[in-house]
Amino acid sequence: MKTGEIYCWDTDKAKNHAQRKKYHIFICAADWQDDNTFMFICSSTYFSDFEITKADWKEMPKERSAISCSSPIFYSDAELTRHKIPPVGKLTVECMKRLARHVQDSETLERRYIRKIVEALHAACK
């Protein structure tokens, strides 16, 4: 998996929802603190979310969506093994740069997650 790649599978990790299909953006691999880090793509935009369009992800099924920036989502290697599916697209480099700036200014994410997400996005844009 590479930073910015988008995957789709059923998950029960979406807050206030039972099992449902969600698009996930891979951010970075597991480290000593957290499992593999992802961010959800949502159909509705809320306070801290980052809006994207087909220009940011050309395979996007809708004209507009949003990346949820309230909290990252984590999956263990074992969980990802169950989902062995190919990516359904990737964010553009320009989108990842804008997302990094948006996350850097976040008022809802924990500082350690801001640092982790921004570092991964910057590394992927080189």
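Owing to the predicted nature of the structure, the values given are computational and were not obtained by experimental measurement. All residue numbers refer to positions in the sequence shown, counting from 1.
For the atom pair NE2 of His24 and CG of Leu80, the computed distance is 9.0 Å after rounding to the nearest 0.5 Å. Atom CG in Leu121 sits 11.0 Å away from atom CZ in Arg101 (nearest 0.5 Å). With rounding to the nearest 0.5 angstrom, the SG atom of Cys42 is 9.5 Å from the CD1 atom of Ile52. Here OH of Tyr7 is found 7.5 Å from CZ of Phe26. Values are rounded to the nearest 0.5 Å. Interatomic distance, CZ of Arg111 versus OG of Ser106, reported as 8.5 Å (0.5 Å rounding). With rounding to the nearest 0.5 angstrom, the NE2 atom of His122 is 12.0 Å from the CD1 atom of Ile117.
None of Asp34, Asp35, Thr11 except one satisfies the side-chain contact (heavy atoms from CB on, under 4.5 Å) rule with Tyr75; the exception is Thr11.
Counting all heavy atoms, side chain and backbone alike, Glu59 lies closest to Gly89 at OE1-CA, 3.4 Å. The minimum heavy-atom distance between Met96 and Gly4, with the atom names listed, is SD-CA, 3.7 Å. Shortest non-hydrogen contact noted between Val118 and Ala100 is CG2-O, 3.6 Å. The two residues Cys69 and Leu109 come nearest to each other via the heavy atoms O-CG, 3.2 Å.
Grouping the Ile, Leu, Val, Met, Phe, Trp and Tyr side chains by contacts below 4.5 angstrom, directly or via other members, places Leu99 with Tyr113. Both Ile6 and Ile27 are members of a single hydrophobic cluster when ILVMFWY side chains are connected at heavy-atom separations under 4.5 Å. Met60 and Phe40 end up in different hydrophobic clusters when Ile, Leu, Val, Met, Phe, Trp and Tyr side chains are linked at under 4.5 Å.
Between Ile25 and Trp57, the closest side-chain pair of non-hydrogen atoms is not below 4.5 Å. In this structure, Met39 and Val103 have side chains that are in contact, with non-hydrogen atoms separated by less than 4.5 Å. Side-chain contact between Cys28 and Lys116 is present, with heavy atoms from C-beta onward closer than 4.5 Å. Contact annotation: the side chain of Ser68 never approaches that of Ile41 to less than 4.5 Å [non-hydrogen atoms, C-beta and beyond].
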>> Between Ile67 and Asp49, is the side chain to side chain contact (heavy atoms under 4.5 Å, CB included) condition met? List the steps.
In response: CA-CA 6 Å; Ile67 298 172; Asp49 295 346; over 6 Å; no
>> Let's go through Phe74 and Thr37 carefully: what are the C-alpha distance in whole Å and the side-chain angles of both, what is the deciding distance for side chain to side chain contact (heavy atoms under 4.5 Å, CB included) to 0.1 Å, and is it a yes or a no?
In response: CA-CA 5 Å; Phe74 303 98; Thr37 304; 3.3 Å; yes
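Residues passing the side chain to side chain donor-acceptor pair (under 3.5 Å) test with Lys90, sequence neighbours excluded: none.
Of the possible donor and acceptor atoms, none in the side chain of Asp56 sits under 3.5 Å from a partner among the backbone N and O of Leu91.
A ring-centre distance under 6.0 Å is found for His102 and Phe50. Between Trp9 and Phe38, the gap from one ring centroid to the other is short of 6.0 Å.
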